[in-house]
Amino acid sequence: MKMIRVPFLLLCFCCYLSTAFCQPKYEFRAVWVASVVNIDWPSKKGLSVAEQKAEFIRLLDMHQRNGMNAIIMQIRPAADAFYPSPYEPWSEYLTGTQGVPPVPYYDPLKFMIEETHKRGMEFHAWLNPYRAVFDIRSSSIAPNHITRQHPDWFITYGKNKIFDPGRPEVIDYVTKVVKDIITRYDVDGIHMDDYFYPYPVSGKDFPDYKSYSLYGKGMDKNVWRRSNCDSIIRRIHEMIIAVKPTVKFGISPFGVWRNRSQDPEGSDTRAGVSNYDDLYADILLWLKEGWIDYAAPQLYWEIGHKLCDYETLLDWWSNHSYGKQIFVGQAMTRTGSGVPWRNPREIPDQITDARDTPNIYGSIFFSSNDFYRNTNGWNDSLRNHYYKTPALIPPMPWIDTTAPAAPTITNATDENTVAGNILKINGNTNTEVATSMEVVKSYVLYIANDTVTLGNTPFFISVADTASQQFSFNIYSPQIPVDWNTCYVAVSCVDKENNESPLSNTIKYIKTNKGWMKQ
């Protein structure tokens with residue numbers, strides 16, 4: 001039986017707001033970090049390695065303070081890479097010139113994953129499946145870029161150069177790129193956004209005539225295009241299951257699958273574009289078939305929008321989850337863009353609506369840099385109210401259900417100082433299960449004034465330090481309610497697939513004139 005030394009420190013002050021206990025125990029709270037044209041990170045091309053690292057740590061720390069538990073990081077914006085890839089050149093958005101590695105050399109993806117995991121957050125690698133050149137007029141293109149090696153695989157449309165989704169070689173190639181990432185890196189998920197077939201350019205059809213003549217086999221062209229997108233999603237899903245089945249696969253589609261005027265199954269909206277008809281992405285099929293683990297529809301409209309009402313779409317996606325998880329794509333970037341988005345209640349009300357809707361498991365915010373501005377005080381709203389208490393990432397039972405064994409607190413002490421009431425608890429925890437060893441990624445602290453159960457709201461979540469086999473709790477801001485006379489403390493542990501163990505033994509504290517004392 002493996003025993004792990006577990007010291008942790010709990011600093012308790014005077015008053016804990018009761019509203020914090022009403023927040024959900026499980027909730028996915030994530031931020032998109034865009035690298036294309038340096039939207040979020042790095043802030044500009046050619047920063048020094050030290051500057052790149054400092055910027056990323058700064059954004060992680062901000063999002064951790066805001067209560068986030070995941071990062072969706074764009075690592076392949078245009079058939080290029082934020083890591084040493086055997087298939088694609090270094091991204092120009094990193095060093096300024098495509099194909100040029102950082103100097104001094106480091107692996108940005110490895111660095112970002114490690115820093116994210118240090119904070120107990122998941123790292124989802126965001127890839128654009130088909131975009132190959134962002135701007136044919138100005139983008140840097142390396143000599144070994146795939147568009148130069150296989151020019152027949154690509155179609156120019158508008159200012160972009162796009163992989164032709166109708167070519168079987170494209171499916172093979174993109175699947176190979178994803179396989180390389182999940183094989184070499186400890187990513188928690190693979191994430192793709194809404195760019196499948198490109199958004200229509202007015203008056204111009206996507207010129208895939210050659211591949212359609214070769215591979216269309218008499219199918220209706222729209223049906224054929226959808227089948228191409230179906231094929232790449234199914235292939236990536238099958239590859240993940242074969243290579244590393246614990247990696248999640250998620251899609252963030254445009255917010256409208258189809259309008260009801262186009263399909264009785266569609267939403268009561270009047271969007272000018274839809275996933276199914278214009279981007280040829282049949283998200284519902286992918287959910288039904290279990291090819292993806294979550295969908296994060298981009299619901300970038302306000303509550304009450306005349307054409308695409310947020311609440312209408314929220315309910316529609318809730319009713320079309322097919323047993324998978326739905327996260328809401330929240331438009332933090334629209335702050336101040338119109339009267340509804342100057343309303344300080346807009347994002348908070350959207351979060352509340354999502355929490356009150358079945359099958360909605362959390363939110364993803366676009367994008368990271370918008371948080372620095374704290375427009376409408378939304379940073380403060382998250383940090384001080386809506387995300388005040390930590391949340392566990394919802395487990396996905398179709399991926400894994402094996403939980404770690406319960407930890408054990410073997411001894412506990414207390415101490416009072418002028419700084420406040422300090423409870424020190426030292427102990428051992430067993431992470432062994434009957435047939436296998438689960439990798440523990442974090443420990444969860446529960447505090448209650450009565451019996452502690454797994455139904456309680458987590459008080460604090462600490463990252464497991466597997467190297468030293470220790471973990472620690474350092475709580476400096478949450479407080480225990482002043483009217484409590486007893487305080488019960490227990491711990492659970494969580495594995496990489498977010499399965500939670502049973503609770504440890506419970507330690508009881510009583511309030512005395514000298515402070516909190518272990519009974």
Side-chain angles (χ1 to χ4, degrees), residues 30-66 68 70-119 121-128 131-147 159-160 177 180-181 184-187 191 193 195 332-333 364-375 379:
V31 177
W32 278 293
V33 183
S35 60
V36 67
V37 295
N38 301 99
I39 291 174
D40 292 317
W41 185 86
S43 61
K44 61 182 178 181
K45 302 175 185 178
L47 291 179
S48 70
V49 169
E51 289 171 323
Q52 291 171 9
K53 289 183 175 181
E55 279 194 353
F56 193 75
I57 287 172
R58 179 188 175 215
L59 76 83
L60 278 183
D61 287 346
M62 172 181 63
H63 295 314
Q64 184 183 35
R65 288 193 302 271
N66 287 345
M68 301 299 172
I71 293 293
I72 315 293
M73 179 68 217
Q74 190 176 36
I75 67 165
R76 183 185 182 260
D80 54 2
F82 275 70
Y83 59 97
S85 169
Y87 307 114
E88 298 181 322
W90 288 96
S91 176
E92 70 169 299
Y93 305 119
L94 188 68
T95 62
T97 302
Q98 192 176 79
V100 175
V103 179
Y105 182 85
Y106 83 117
D107 184 338
L109 181 53
K110 182 175 183 290
F111 165 78
M112 291 187 290
I113 292 171
E114 288 176 351
E115 289 295 328
T116 302
H117 286 169
K118 277 181 189 177
R119 291 158 177 79
M121 304 166 79
E122 283 196 345
F123 186 99
H124 291 224
W126 167 14
L127 296 80
N128 292 92
R131 186 167 62 211
V133 178
F134 183 77
D135 192 330
I136 57 175
R137 301 162 300 183
S138 60
S139 293
S140 172
I141 307 298
N144 65 335
H145 192 255
I146 191 67
T147 56
K159 68 173 186 176
N160 302 136
V177 168
D180 173 60
I181 293 168
R184 293 196 292 129
Y185 293 96
D186 187 22
V187 297
H191 181 94
D193 55 22
Y195 291 97
M332 188 68 74
T333 194
I364 310 177
F365 298 86
F366 187 83
S367 70
S368 180
N369 265 356
D370 295 293
F371 284 85
Y372 287 123
R373 292 189 282 273
N374 195 25
T375 307
N379 261 20

- Got Q74 and N128 here, is their nearest side-chain heavy-atom distance under 4.5 Å? yes
- Task: Take V31 and M332 through the side chain to side chain contact (heavy atoms under 4.5 Å, CB included) test and state the conclusion after the steps.
- Result: CA-CA 10 Å; V31 177; M332 188 68 74; over 6 Å; no
- At what distance, to the nearest 0.5 angstrom, does CG of L127 lie from NE2 of H191? 10.0 Å
- Item | P104 versus V49, closest heavy-atom pair with distance | O-CG2, 3.2 Å
- Message: Tell me whether N38 contacts the main-chain N or O of P42 through its side chain, where contact means a donor paired with an acceptor under 3.5 Å.
- Response: yes
- Item | Sequence-distant partners of R184, salt bridge (charged side-chain N to carboxylate O under 4.0 Å, His left out), two or more places apart | D180
- Compare all side-chain heavy atoms of P102 with those of L94 and state whether any distance is below 4.5 angstrom. yes
- Task: Measure across I72 and I364 and return the closest heavy-atom pair with its distance rounded to 0.1 Å.
- Result: CG1-CG2, 4.0 Å
- Item | Step-by-step side chain to side chain contact (heavy atoms under 4.5 Å, CB included) determination, R119 to D61 | CA-CA 8 Å; R119 291 158 177 79; D61 287 346; 2.8 Å; yes
- Message: I need the D186 CG to L109 CG distance, nearest 0.5 Å.
- Response: 10.0 Å
- dist M112:CE -> S35:OG (nearest 0.5 Å) comes out at 8.0 Å
- Query: Hey, mind stepping through V100 and W90 against side chain to side chain contact (heavy atoms under 4.5 Å, CB included) and telling me if it holds?
  - Reply: CA-CA 6 Å; V100 175; W90 288 96; 5.9 Å; no
- Task: Quick one: do Y185 and F123 satisfy ring pair (Phe, Tyr, Trp, His ring centres under 6.0 Å)? Show the steps, please.
- Result: CA-CA 10 Å; Y185 293 96; F123 186 99; 9.2 Å; no
- What's the shortest heavy-atom distance between H145 and V133, and which atoms? CE1-CG2, 4.3 Å
- Query: Which heavy atom in A79 sits nearest to a heavy atom in P89, and how many Å separate them?
  - Reply: O-CD, 3.8 Å
- Task: Decide yes or no on side chain to side chain contact (heavy atoms under 4.5 Å, CB included) for L59 and F371, but give the supporting numbers first.
- Result: CA-CA 9 Å; L59 76 83; F371 284 85; over 6 Å; no
- Task: Calculate, to the nearest 0.5 Å, the distance between atoms CD1 and OG belonging to I39 and S368 respectively.
- Result: 11.0 Å
- Is there side-chain contact between P108 and F56, with at least one heavy-atom pair below 4.5 Å? no
- Task: Supply the atom-to-atom distance T147 OG1 to I141 CD1, rounded to the nearest 0.5 angstrom.
- Result: 5.0 Å
- In terms of ring plane angle, is the pair W41 and F82 parallel, tilted or perpendicular, where the classes change at 30° and 60°? tilted
- Message: If you define the side chain from C-beta out and look only at heavy atoms, does anything of I113 sit under 4.5 Å from H117?
- Response: yes
- Lys NZ or Arg CZ of R58 over Y372 ring: under 6.0 Å, within 45°: yes
- Item | D40: side chain to side chain donor-acceptor pair (under 3.5 Å) partners, not counting sequence neighbours | S367
- Query: More than 12 heavy atoms of other residues, nucleotides or ligands under 6.0 Å from CZ of F111: is that the case?
  - Reply: yes
- M73 side, atom CE; T116 side, atom OG1 - distance, nearest 0.5 Å: 9.0 Å
- Hits for side chain to side chain contact (heavy atoms under 4.5 Å, CB included) against K118, two or more places apart or cross-chain, chain-then-number order -> E115
- Item | With sequence neighbours excluded, residues passing side chain to side chain donor-acceptor pair (under 3.5 Å) with N66 | N379, R383
- Item | Partner residues of K159 under the side chain to side chain donor-acceptor pair (under 3.5 Å) criterion, sequence neighbours left out | none
- Task: Kindly write out the residues that satisfy side chain to side chain donor-acceptor pair (under 3.5 Å) with Q98, not counting sequence neighbours, or none if the list is empty.
- Result: none
